[in-house]
J.: 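Please see the structure below; I have some questions.
Basis for what follows: all heavy atoms, side chains included, without hydrogens, waters or symmetry-related copies. Here is the naming used below: chain letters follow the sequence lines, and residue numbers restart at 1 for every chain.
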There are 2 protein chains.
Amino acid sequence: MTPLSEAARRPARAQSPCQACTVRHLTVCAPLNDQEVQEVAAISQNVEMSPGDPLFDEGERASQVYNVTAGTMKVYKLLSDGRRQVTGFLFPGDFLGLANNDTYAYSAEAVTHATLCRFPRAKLDKLLERYPKMEKRLLSIASHELAVAQEQMLLLGRKTAKEKIASFLLTLSERAESRGQTGNPVSVPMSRTDIGDYLGLTTETVSRTFTNLRGGGTIALRNGGKVEILDVDALHDVAQGD
Amino acid sequence: MTPLSEAARRPARAQSPCQACTVRHLTVCAPLNDQEVQEVAAISQNVEMSPGDPLFDEGERASQVYNVTAGTMKVYKLLSDGRRQVTGFLFPGDFLGLANNDTYAYSAEAVTHATLCRFPRAKLDKLLERYPKMEKRLLSIASHELAVAQEQMLLLGRKTAKEKIASFLLTLSERAESRGQTGNPVSVPMSRTDIGDYLGLTTETVSRTFTNLRGGGTIALRNGGKVEILDVDALHDVAQGD
DNA sequence: CGTGAAGTTGAGTATGCTCAACGGTGGTGG
DNA sequence: CCACCACCGTTGAGCATACTCAACTTCACG
């Protein structure tokens, strides 16, 4: 198991201004009022990550949970021979670290520069005890993630490469919009390898499929990892296999 | 959308003897004592299903949640052209029907004769309000399902046909044992088509891979949908790609 | 027994993988 | 400041795994 990087180890600032948190309405803190959120601030610390920094590894003791406040993270599982499945990309507002049996079920790593809000699991549990609405919110988050996971199983098990890439771009776009960001052009901050490991493809196939969609006039590749969706309807059709 | 079958529509008996429930320790009712579980009995009804009976369809209003008490269920998602992804098989004790946005994210259907315990979602919510330990249990169930889903993504995205079948058999075996049933020989009640749709394979490939594992002396196919694991270690090795 | 569904096996094919080369880009050090 | 290098992305050629289409067998059930 890789040790935590220096960046992950060092909490940036002890004072955590939850009041100013720009993604609070998306997080587990959403149901709390300004006063209640102070209690969260009291138990939380900021964490800064650079691209490639590991946050934790699969199998590690799950003593902390996190909220992404800026940047992009990825979570993944490995096979013994190195094959990798990225099970999700996480954006501001996303929750991270829910563990069933006290150990993380996956590894987490920064894709871009990122900041996270860290809570000791034990202290969060106490807070959940006190605020059932927070626990309800956590259950709602878990239910939503479950639905997302099932959609991803459908993609992995039954969609073609072209359908996978189209679905991926549309999902990224929708998630960006749900965070109040621009969904078109959509920001694609992760590498071709990460995308391949997320969709069950190789980097070459990912690259070829992007080229194919570009050639068909459906998308355009812009600078800075941005993809412009030129024909949204066509991309939807491709995603569903029509 | 297919209408509910007659079998699904008709609650078998209004009196639901939760006290006698043999799988209670596995369910959402686990943390409740004998007295508290009576309240569950008051809001629950039994449902009997025959093989192939639909319980509900994806997109339907999620007004009910269920617990499997006997038999095997499957849940799946469809693409418009009929391609199907089975996202899970459910056995006694398993929970079913958690919905995020008030509609089911998947369809559910009986694989074998099955009985379920049905709760109106609204009434369950009230009960959760009263018994936070029950809500905690539900969160724990959801976390566990999330971990299972991630493991399945790894399988779908990165494992070969042989690895998929080996993993599938081992998981079935472990789940049977966790319910106190015999894990070897393991009961495989679902069709080759269902297995294929669960593992992202065709029925032909499933069949061929069974034959292959049989030829290698790793498993043996017995009557009544039973599979005997002749070499557990070898099957583990195959499952992990060694 | 007859019938239909499920399972198995075979032959040929296609989708996506492997291996390899090349171009662009950003970071580093001379 | 520029040359170098490593990494990422792209493209090409050939190949393998799993799919498609088809025939046949087995089994459950009438």
Side-chain angles (χ1 to χ4, degrees), chain A residues 50-52 74 79 81-86 109 111-113 155-169 188-216 219-227 238 241, chain B residues 50-52 72 74 79 81-86 111-113 155-169 188-216 219-227 238 241:
Chain A
S50 294
K74 68 183 174 205
L79 289 172
D81 61 2
R83 278 175 290 173
R84 197 172 60 136
Q85 179 66 39
V86 171
E109 192 179 307
V111 171
T112 66
H113 278 280
L155 179 149
L156 288 169
R158 288 304 182 209
K159 291 191 181 177
T160 65
K162 202 169 175 183
E163 291 164 1
K164 285 176 176 181
I165 296 287
S167 303
F168 173 66
L169 289 174
V188 182
M190 62 291 287
S191 71
R192 296 292 185 256
T193 302
D194 283 344
I195 297 173
D197 284 348
Y198 181 58
L199 301 177
L201 300 170
T202 58
T203 69
E204 293 95 329
T205 299
V206 172
S207 186
R208 274 186 249 275
T209 308
F210 269 107
T211 303
N212 181 324
L213 286 172
R214 181 157 50 91
I219 64 170
L221 305 181
R222 305 286 182 221
N223 286 340
K226 294 241 186 292
V227 174
V238 171
Chain B
S50 293
T72 305
K74 69 183 175 206
L79 290 173
D81 61 2
R83 279 176 290 173
R84 198 171 59 135
Q85 179 66 38
V86 171
V111 171
T112 66
H113 278 281
L155 179 149
L156 289 169
R158 288 303 181 209
K159 290 192 182 179
T160 66
K162 202 168 177 184
E163 291 164 0
K164 285 177 176 179
I165 295 287
S167 303
F168 173 66
L169 289 174
V188 182
M190 61 291 288
S191 71
R192 297 291 185 259
T193 302
D194 283 345
I195 297 173
D197 285 348
Y198 181 57
L199 301 177
L201 300 170
T202 58
T203 69
E204 294 95 328
T205 299
V206 172
S207 186
R208 275 187 247 274
T209 308
F210 269 107
T211 304
N212 181 326
L213 285 172
R214 181 158 50 91
I219 63 170
L221 306 181
R222 303 290 182 216
N223 286 341
K226 294 242 185 294
V227 174
V238 172

J.: Under 3.5 Å, is there a donor-acceptor pair between the side chain of B:T112 and the main chain of B:T72?
T.: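 Yes; judged by distance alone, with no hydrogens or angles, the pair exists.
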J.: For A:T205, which residues count as a side chain to side chain donor-acceptor pair (under 3.5 Å) partner, sequence neighbours excluded?
T.: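 Here the qualifying residues are A:T202.
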J.: Which residues pass the side chain to side chain contact (heavy atoms under 4.5 Å, CB included) test with B:R208, not counting sequence neighbours?
T.: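 B:E204.
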J.: Closest approach of A:L155 and A:K164, non-hydrogen atoms and distance?
T.: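 Shortest heavy-atom separation between A:L155 and A:K164 comes out as O-CE, 3.4 Å.
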J.: Whole angstroms only, please: what is the CZ-P distance between A:R158 and D:dA18?
T.: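 In whole Å, D:dA18 P and A:R158 CZ are 13 Å from each other.
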J.: Working to the nearest 0.5 angstrom, can you tell me the gap between B:L156 CG and B:Q85 CD?
T.: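 The CG atom of B:L156 sits 5.0 Å away from the CD atom of B:Q85.
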J.: To the nearest 0.5 Å, tell me how far A:R158 CZ sits from B:L79 CG.
T.: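 Going from CZ on A:R158 over to CG on B:L79, the span is 9.5 Å.
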J.: Tell me: CG of B:D197 to P of D:dC19, nearest whole Å?
T.: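 It is 11 Å, rounded to the nearest whole Å.
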J.: What bend angle does the helix from C:dC1-D:dG30 to C:dG30-D:dC1 show across its length, from five-pair end axes and to the nearest 10 degrees?
T.: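 About 40° separates the two local helix axes.
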J.: Among residues 198-205 of chain A, which contact DNA chain D at a heavy-atom distance under 4.0 Å?
T.: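 Heavy-atom contacts with DNA chain D come from A:E204.
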J.: Nearest whole angstrom, please: distance from the C1' of D:dC27 to the CG of B:L221.
T.: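 So the two atoms are 14 Å apart, to the nearest Å.
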J.: Take atom CZ of B:R214 and atom P of C:dG7, then tell me their distance rounded to the nearest Å.
T.: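 My rounded result for the distance is 14 Å.
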J.: Is there a side-chain polar atom (N or O) of A:S191 under 4.0 Å from OP1 or OP2 of D:dC7?
T.: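 False: A:S191 side-chain N/O out of range (4.0 Å or more) of D:dC7 OP1/OP2.
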J.: Which pair of heavy atoms, one from A:S50 and one from A:H113, lies closest together, and at what distance?
T.: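 That would be OG-CE1, 3.5 Å.
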J.: Could you list all N or O pairs between the protein and nucleotides 23-28 of chain C that sit under 3.5 Å apart?
T.:
none

J.: Please enumerate all residues that pass salt bridge (charged side-chain N to carboxylate O under 4.0 Å, His left out) together with A:R83, with sequence neighbours excluded.
T.: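 Per chain and number, A:R83 pairs via salt bridge (charged side-chain N to carboxylate O under 4.0 Å, His left out) with A:D81, B:E163.
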J.: Which residues pass the side chain to side chain donor-acceptor pair (under 3.5 Å) test with A:K159, sequence neighbours left out?
T.: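 Once residues adjacent in sequence are excluded, the partners of A:K159 under the side chain to side chain donor-acceptor pair (under 3.5 Å) criterion are A:S167.
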J.: Under the ring pair (Phe, Tyr, Trp, His ring centres under 6.0 Å) test, which residues partner B:F168, sequence neighbours left out?
T.: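 Partners of B:F168 under the ring pair (Phe, Tyr, Trp, His ring centres under 6.0 Å) test: B:Y198.
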J.: Could you work out which one of D:dT11, D:dA18, C:dT8 sits closest to the side chain of B:A161?
T.: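 For the B:A161 side chain, the nearest candidate turns out to be D:dA18.
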J.: Whole angstroms only, please: what is the CE-P distance between B:M190 and C:dG7?
T.: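 Distance, rounded to whole Å: 11 Å.
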J.: Identify, with sequence neighbours excluded, every residue that meets side chain to side chain donor-acceptor pair (under 3.5 Å) alongside A:R84.
T.: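 Counting only residues at least two positions away or on another chain, A:R84 forms a side chain to side chain donor-acceptor pair (under 3.5 Å) with A:D194, A:D197.
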J.: Quick one: are A:V188 and A:L169 in side-chain contact, heavy atoms under 4.5 Å?
T.: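 Side chain of A:V188 against side chain of A:L169, heavy atoms only: contact under 4.5 Å found.
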J.: OG of B:S207 to CG of B:L201: how many Å apart, nearest 0.5 Å?
T.: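 Going from the OG atom of B:S207 to the CG atom of B:L201 covers 12.0 Å.
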J.: What pair of heavy atoms forms the shortest contact from A:V111 to A:P189, and how long is it?
T.: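 So the minimum-distance heavy-atom pair works out to CG1-O, 3.8 Å.
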J.: Check the distance between C:dA14's P and A:K162's NZ and give it to me in whole angstrom.
T.: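 Spelled out: NZ on A:K162 to P on C:dA14 is 17 Å.
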J.: Measure from CZ on A:F210 to P on D:dC8 and round the result to the nearest Å.
T.: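 After rounding, the gap between these two atoms is 16 Å.
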J.: Between protein and nucleotides 13-15 of chain D, what N or O pairs are separated by less than 3.5 Å?
T.:
unit_1, atom_1, unit_2, atom_2, d
D:dA13, N6, A:R208, NH2, 3.4

J.: Rounding to a whole Å, what distance do you find between A:L213:CG and D:dT11:P?
T.: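 That distance rounds to 13 Å.
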